[in-house]
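Worth saying up front: this structure is predicted, and the values here are computed from it rather than measured.
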Amino acid sequence: MEIDAPSTSTKSGGTSDAAATAAVDKSIKIHPLAIIGISDHHTRVITGGSALPPSAPVVGLLFGNQDAHSISIVDAEEMEYPEKGLATSEDS
């Protein structure tokens with residue numbers, strides 16, 4: 001079964017905005033330090049090395065910049081996100 005490629009022309013004979021946007025090169029670059037920070041936090045939560053239970057979501061912040069259609073992530077910071085119903089230090 002063959003599928004026809006979507007038409008890029010409009011009634012006026014020009015190209016559509018969606019087709020022009022799809023042709024733009026987009027990239028995401030992640031610095032090795034950010035990858036290490038993300039994997040370290042994930043590993044600690046999953047293996048029980050954190051105060052959070054292993055079923056807790058792994059949440060964090062990504063730091064970087066965006067230049068047109070390129071995103072560069074240079075660092076990551078972990079956040080403890082307690083699930084509802086967990087005992088916190090304020091409950092004691």
Are the side chains of Leu62 and Ile30 in touch, meaning some heavy atoms are under 4.5 Å apart? no

Count I, L, V, M, F, W, Y as connected when their side-chain heavy atoms are under 4.5 Å apart, and connections chain through other members. Are Ile35 and Ile71 then in the same cluster? yes

Drop me the distance from Ile46's CD1 to Ser39's OG, to the nearest 0.5 angstrom. 12.5 Å

Distance-only donor-acceptor pairs under 3.5 Å for side chains of residues 72-79, two or more places apart:
residue: Glu78; atom: OE1; partner: Arg44; partner atom: NH1; Å: 3.2
residue: Glu78; atom: OE1; partner: Arg44; partner atom: NH2; Å: 2.8
residue: Glu78; atom: OE2; partner: Arg44; partner atom: NH1; Å: 3.2

In short, His69 meets Val24 closest at the heavy-atom pair CD2-CG1, 3.1 Å

When rounded to the nearest 0.5 Å, the distance separating NE2 of His41 from CG of Leu52 is 7.0 Å

How many angstroms lie between CG in Leu61 and CD1 in Ile38, if you round to the nearest 0.5 Å? 10.5 Å

